Structure formats: structure tokens, C-alpha cells
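A short write-up of the structure that comes next.
Naming: A, B, ... by sequence-line order, numbering from 1 per chain. Source: prediction; values computed, not measured.
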Amino acid sequence: MAESVNDRCCCSATAEVLEQTAAIAAKGRDRPEMLIPILHQVQAIAGNSIDHQVAQVVAREMRLPLARIYGVETFYSFFSAKKRGKIIIRLCKSAPCHLKGTQGILEAFEKTLGIKAGETTADGKFTLETCECIGACDVSPAALIDGVVYGNLTPAKVSELVSSLGEGVKA
Amino acid sequence: MKETRILLAQAGEITPTSAKEYGAVGGYQGLKKALAAPDKIVDIIKASGLRGRGGAGFPAGLKLSFTANTPADQKYIVCNADEGEPGTNKDRVIMEKVPHRLIEGMAIAGVAVGADKGYIYLRAEYPYVAEILEKALADARENGFLGTDILGSGHNFHIELFIGAGAYVCGEETALLDSLEGKRGEPRFKPPYPGVAGLWGKPTVINNVETLANLPGIVANGPAWFRQTGTETCPGTKLFSLSGNIANPGVYEFPIGTSIRTIFQEAGGGCPGGKKLMAIQTGGASGNIIPASLLDTPMDIDCCAKAGATFGAGDLMFIDDDQCLLDILENLMEFFEEESCGKCTPCREGNTQLLYLVRKFKDGTAEDGDLELMLELGNTMTGGCLCGLGQASPNPILSAVRFFPELFKTKSTQKGRVS
């Protein structure tokens with residue numbers, strides 16, 4: 001499943017982010033079933049990750065054990081304890097995309113971004129992830145980037161895609 | 001033979017989110033009938049012979065009856081929209097093109113069993129589908145098809161959309177329920193089954209999107225109408241997700257029992273680039289891999305089982321003769337090793353070991369006894385794992401050993417190419 005807690009990096013959430021986190025998590029006080037929707041919202045304002053401090057605030061406000069927050073955030077692949085970039089590129093590596101040449105697409109992304117799968121660019125703009133089936137098998141090989149499916153990818157299309165995605169995104 | 005569009009009849013013809021437009025082409029007639037005679041619905045679904053479209057093929061009417069017959073102060077309808085099986089995207093098409101069909105199906109199920117609350121558990125990989133569903137739900141509420149006192153009947157039915165967070169195992173119904181409760185999505189021990197003790201311990205009907213989308217047509221037109229299509233033991237149409245080395249990948253609707261060859265040629269357009277078809281993975285990543293010589297197998301639960309194929313959720317991944325089957329098996333086992341939740345030992349350890357053994361065959365380093373070990377392990381998992389993930393994950397390997405034995409040579413340099 002998702003990465004282990006040991007992979008977490010040092011905390012970097014600002015006071016403002018922690019305050020916003022508290023406000024979101026307070027809506028789920030004594031409602032443990034709200035944990036997943038709340039983690040989605042929190043992650044969106046906390047830099048695409050839920051670090052140690054953020055998790056502690058969620059636990060405190062929802063009145064849940066910290067272990068419950070860790071358990072859930074490390075189980076699901078859309079949550080990350082590790083800091084990630086502003087744009088997450090999720091490249092599908094499941095069999096239907098694999099058959100259509102995901103490996104070549106992955107290499108093109110790695111080359112264009114100068115990072116390996118699982119890493120974030122130094123300017124904090126992009127995180128490159130490989131993921132399992134995104135249900136876009138009709139346009140494989142495909143990637144899910146900020147909620148949009150980019151299909152029928154070819155290695156040649158990758159660098160243009162990356163530059164258009166990066167436009168207007170502050171480092 | 002062309003597609004037979006019943007579930008997708010209105011796809012592309014109407015504004016997907018509009019309840020009025022759906023109503024104008026016969027939509028919500030099933031719900032009106034259900035509200036007029038709620039006690040008859042379970043028997044109508046039973047008589048139709050509808051079987052679950054998520055992969056297990058369980059009789060849908062029987063499932064409804066478990067919940068209908070369990071007295072409780074609160075019951076739930078849960079729609080499993082977590083289609084994570086690699087190669088499957090048919091539920092996405094239903095939700096994108098005819099979301100009101102799903103909403104109507106859930107409301108009918110609610111009226112039938114006495115549930116006033118429903119959840120759609122949508123996978124996180126479909127954020128763009130979430131937008132469509134939210135709009136369609138709002139429109140259904142506005143037009144009185146959902147909410148309090150629906151269509152003035154005195155019945156209430158509310159639907160809430162829940163977004164998952166990326167975990168294949170949550171497609172397993174009890175793992176999905178745990179996830180809905182805000183936990184790690186780990187499968188529960190059964191019994192009790194969700195029908196009597198599901199979400200928060202309450203009786204819960206949990207069905208796949210496509211299963212629920214079949215209810216409106218059956219209730220509106222009757223079981224005899226439904227049985228006109230498909231086979232005796234498996235009536236109706238099925239959405240097939242075509243992927244892999246095929247000219248026209250996509251989702252197509254055919255009567256159950258249509259041969260793989262017809263679907264492959266008529267809808268799929270064959271293999272592109274003059275390549276020859278080598279194999280087909282049937283039923284998704286956890287389904288059997290069969291040789292091209294079995295192309296005439298009818299896609300129906302029983303015929304598939306007899307031929308050594310898998311019906312599953314209706315996936316067909318076509319593999320041309322340029323591919324290496326051992327490479328594909330490695331990819332599939334990487335998937336299961338990654339997605340095993342780790343709760344039960346045979347799945348957690350078994351998938352890791354199967355991946356290790358497949359890699360040995362791929363690399364040409366397999367030794368005497370490795371094949372036997374792989375088969376023994378696979379069969380142990382099939383019988384010993386807690387949920388469908390581990391029970392089915394050895395299928396690709398076990399079927400490949402059966403149909404492509406020449407691939408599994410020990411200390412051999414032969415690669416996956418056959419034919």
C-alpha cells in the first residue's frame with residue numbers, strides 16, 4: 001500500500017496551515033466516519049501531504065488516537081505522509097497501460113522532470129508517481145494529473161505536456 | 001452483430017445530469033412502479049434472474065431479500081463504485097453517461113428493502129465522475145426523485161457521495177464498508193454478511209453500479225422482458241471493458257452469452273498493426289488468461305467457467321503476439337503484491353512469493369520444483385485467503401500454467417513469446 005510512516009520527512013506545516021487544519025478537522029469531532037473526507041480536505045490545503053504535525057492536529061480535533069490517523073493515511077495511496085509537489089502526476093502502470101508502453105512514458109517523464117518515480121522536483125512543482133489502474137483503459141497509456149485524464153500518451157508528447165502543466169504554477 | 005444497448009440506450013442522447021431529460025425517455029418509471037407496490041419488488045428482481053455484475057454473479061434478488069427480511073431500525077443501500085480491477089471502466093461509463101439510471105436503481109432497492117439512506121462509494125481516481133454525480137443527485141432531489149417523501153409517496157430516500165482514497169481492496173464489499181466507516185479498508189470475517197449486518201452493523205444491500213443500473217428496466221418492463229436478452233442462467237446484457245492490443249478499446253454492451261470473438265471483431269476491431277492475437281485475459285487482472293484458440297467461448301458466467309475463462313466484471317484484455325506473457329504475469333503479481341491489505345497471511349506472504357517465483361521464470365533462473373511450488377502456493381491461496389483478492393490473485397498464473405505450459409521451463413532461456 002502507501003509508504004510507511006518511516007518515510008516521513010521533517011514537518012514543515014506553517015501555523016496558518018495548522019490553523020486551517022484544525023478548523024476542518026473540528027467539523028468531524030466525535031465523528032470518526034468523517035476521517036477520510038477530512039483527510040482529503042486537509043491534504044489539499046497542507047501541500048498534498050499529511051505530515052506529523054498535521055496528523056496530530058487532526059487527531060486532537062477529531063478526538064481520535066493518532067494511530068488511527070496514521071493507520072488510515074498510510075493505507076490509502078492518495079494520502080501521503082511525505083511532502084509532495086503542487087502537481088501530482090499519477091502514471092498508470094497496470095496491465096492494460098503496461099501493454100501499451102507505460103515504461104517508455106515513465107522514462108520520458110523521468111527524463112523531462114529530472115526525477116525518479118516517487119520523487120518531487122527540487123522546485124516543488126511536480127511529484128511523479130506510478131499508480132494502479134485509473135480506469136482510463138480506453139485511452140491507455142494514461143495518467144491522472146490534478147483530476148484530469150491524459151490519455152494516448154507517447155514519449156514525444158511528455159515534455160510538451162510537462163511544460164504546459166507547469167505554466168503559471170509558482171515554484 | 002452490433003451492440004445491444006439497453007443500459008446505455010440513452011447514453012449520448014440526453015444531458016447526463018438532467019433528471020427531466022432522463023424522465024422524458026422513460027426514466028424513473030421503474031421507481032414509480034416500485035413506490036406503488038414496494039412489497040413486490042424483491043420477487044420481481046428474483047424472477048428476472050439478474051446476477052451481480054461486480055464479478056461474483058450472486059443472484060441480486062436473493063441479496064435484496066436478505067436485507068428485506070431482516071428487521072432493523074435503519075438499513076442502507078451502498079453502491080460499490082470502486083471499480084479498481086485493472087482493465088475495468090464500465091461503471092465509469094454508466095455514471096458519466098446515464099447517472100440517473102444508477103440513482104433510480106438505488107432508490108428502487110431502498111424502497112424494496114425499507115432503507116432510507118444510500119451511499120455511493122466512488123473511487124478517488126474518478127474525480128471528474130464525482131462532479132457529474134453530484135449534479136445528477138442535486139437534480140434528482142430538485143425533481144422529487146430523491147429526498148423526503150419522494151414523488152409524494154411517503155417514502156424517503158437520501159443518497160450521499162463518498163470519495164475513496166485509492167485502495168483496490170476496497171472493491172471487496174466488507175473492506176468498502178470499513179472504509180465508509182472511516183477506517184483502513186480491510187475485509188471483515190464473514191459471516192455475518194452485509195445483508196444482515198453491514199454498514200455500522202445494520203442490514204446493508206451492497207451492489208455494483210451496473211447491477212443497480214439494471215433494476216429500473218426490470219421493474220418498469222417486468223422480468224419476462226429482461227429474460228428476452230442473454231442466457232437462461234444469466235439473463236440481460238453486460239458491459240464489456242475492452243483493453244490492451246485492440247483497435248477500438250472501450251466499453252461495449254452485448255447480450256450475455258455473446259462470444260469473445262464477436263466482441264473482439266465487431267466492437268474491438270481486432271488487433272491493430274497486423275498483429276496476431278495470442279491470448280486474452282478475461283475478467284480483469286485477477287481473471288484467467290486463455291489462448292486465442294478459445295475465442296469462441298461465450299461470455300456467460302457458466303460457459304466461462306467451463307472453458308477455463310473468467311467472466312468477472314466483463315473485462316477482456318487482448319494480448320498480441322508481440323508481448324511476453326511472463327512479463328505480463330510479473331506486472332499482474334506486482335499489482336497484487338502492492339494491493340494486498342496484509343490482513344491475512346496467505347495473501348500478504350503468498351503474493352510476494354508468487355511474484356518472486358514468476359520473476360524466476362521470466363529471468364530464466366527457475367529451478368526444478370519451482371513450478372510445483374508455485375502451483376501449490378496458488379492453490380493454497382485460492383482456498384485459504386480471507387477475501388476475493390487473495391483467492392483470485394493466483395488465477396493468471398494458474399491459468400497460464402494450464403494453457404501455456406511451455407513458458408514455465410526451468411533453467412531455460414526461453415522468453416514468453418509463444419506461437
Side-chain angles (χ1 to χ4, degrees), chain A residues 1-2 28 31-41 43-44 50 62 64 67-80 88 90 92-103 129-149 151-152, chain B residues 83-93 123-131 162-170 179-186 199-200 241-245 248-251 281 284-285 315 317-320 322-323 327-328 331-332 334-335 338-342 396:
Chain A
M1 309 301 305
R31 293 186 63 194
E33 78 279 9
M34 296 283 287
L35 182 55
I36 290 173
I38 282 174
L39 289 182
H40 274 303
Q41 289 178 43
Q43 189 169 256
I50 303 157
M62 290 187 73
L64 285 173
R68 171 81 177 264
I69 318 295
Y70 283 156
V72 168
E73 71 165 296
T74 54
F75 185 85
Y76 296 96
S77 65
F78 270 60
F79 297 140
S80 174
I88 301 171
R90 290 188 171 89
C92 177
K93 65 174 160 75
S94 285
C97 282
H98 178 76
L99 276 183
K100 304 286 278 287
T102 293
Q103 190 56 38
E129 292 182 355
T130 55
C131 66
E132 298 301 348
C133 191
I134 55 170
C137 321
D138 45 349
V139 290
S140 55
L144 183 68
I145 307 172
D146 278 356
V148 178
V149 172
N152 295 318
Chain B
E83 62 170 352
E85 189 77 29
T88 319
N89 48 10
K90 47 118 188 154
D91 291 338
R92 189 198 82 203
V93 173
R123 65 192 307 235
E125 288 82 353
Y126 289 167
Y128 49 97
V129 178
E131 288 174 27
F162 185 97
I163 311 295
Y168 169 70
V169 71
C170 289
S179 185
L180 256 183
E181 295 179 5
K183 301 173 191 157
R184 294 163 69 90
E186 290 175 0
L199 191 60
W200 292 297
S241 309
L242 276 52
S243 68
N245 304 123
N248 313 313
V251 173
Q281 185 171 28
D315 308 314
M317 184 176 84
F318 296 92
I319 304 166
D320 72 25
D322 241 14
Q323 306 289 339
D327 174 64
I328 294 169
N331 176 280
L332 295 168
E334 283 171 355
F335 170 74
E338 166 88 16
E339 295 295 337
S340 170
C341 79

Exercise. Would you indicate whether the side-chain heavy atoms of A/Lys100 and B/Asn245 approach each other to under 4.5 Å?
Key: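 The answer is yes, as the side chains (C-beta and beyond) meet within the 4.5 Å cut-off.
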Per-residue contact mode, [X] against chain A (heavy atom under 4.5 angstrom):
X	result
B/Phe318	backbone
B/Ile163	both
B/Pro127	side chain
B/Glu131	neither
B/Asp315	neither
B/Ala285	neither
B/Glu181	backbone
B/Ser241	neither

Quiz item: Among A/Gly135, A/Ser140, A/Gly71, who wins on heavy-atom pairs under 4.5 Å with chain B?
Solution: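 Between A/Gly135, A/Ser140, A/Gly71, the count favours A/Gly135.
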Self-check item: Residue among B/Asp91, B/Asp327, B/Val251, B/Ile328 with most heavy-atom pairs under 4.5 Å to chain A
Solution: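 Ranked by contacts with chain A, first place is B/Asp327.
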Quiz item: Who among B/Ala130, B/Gly342, B/Gly250, B/Pro249 has the most heavy-atom pairs with chain A under 4.5 Å?
Solution: B/Pro249
Practice problem: Heavy-atom distances under 4.5 Å only: say whether A/Ile134 touches chain B with side chain, backbone, both or neither. | Solution: both
Quiz item: Which atoms of A/Arg68 come close to chain B, meaning under 4.5 Å heavy atom to heavy atom: side chain ones, backbone ones, both, or neither?
Solution: side chain
Taking atom [atom1] of [X] and atom [atom2] of [Y], what is their separation to the nearest 0.5 Å?
X	Y	atom1	atom2	answer
B/Arg123	A/Cys133	CZ	SG	5.5 Å
A/Ser94	B/Glu339	OG	CD	8.0 Å
A/His98	B/Glu334	NE2	CD	7.5 Å
A/Phe78	B/Glu125	CZ	CD	4.0 Å

For [X] and [Y], which heavy atoms make the closest approach, and how far apart are they?
X	Y	value
A/Gly147	B/Tyr128	O-CD2, 3.6 Å
A/Cys137	B/Thr88	SG-N, 4.1 Å
B/Arg184	A/Tyr76	C-OH, 3.6 Å
B/Ile319	A/Leu99	CG1-CD1, 4.1 Å
B/Arg92	A/Asp138	NH2-OD2, 3.0 Å

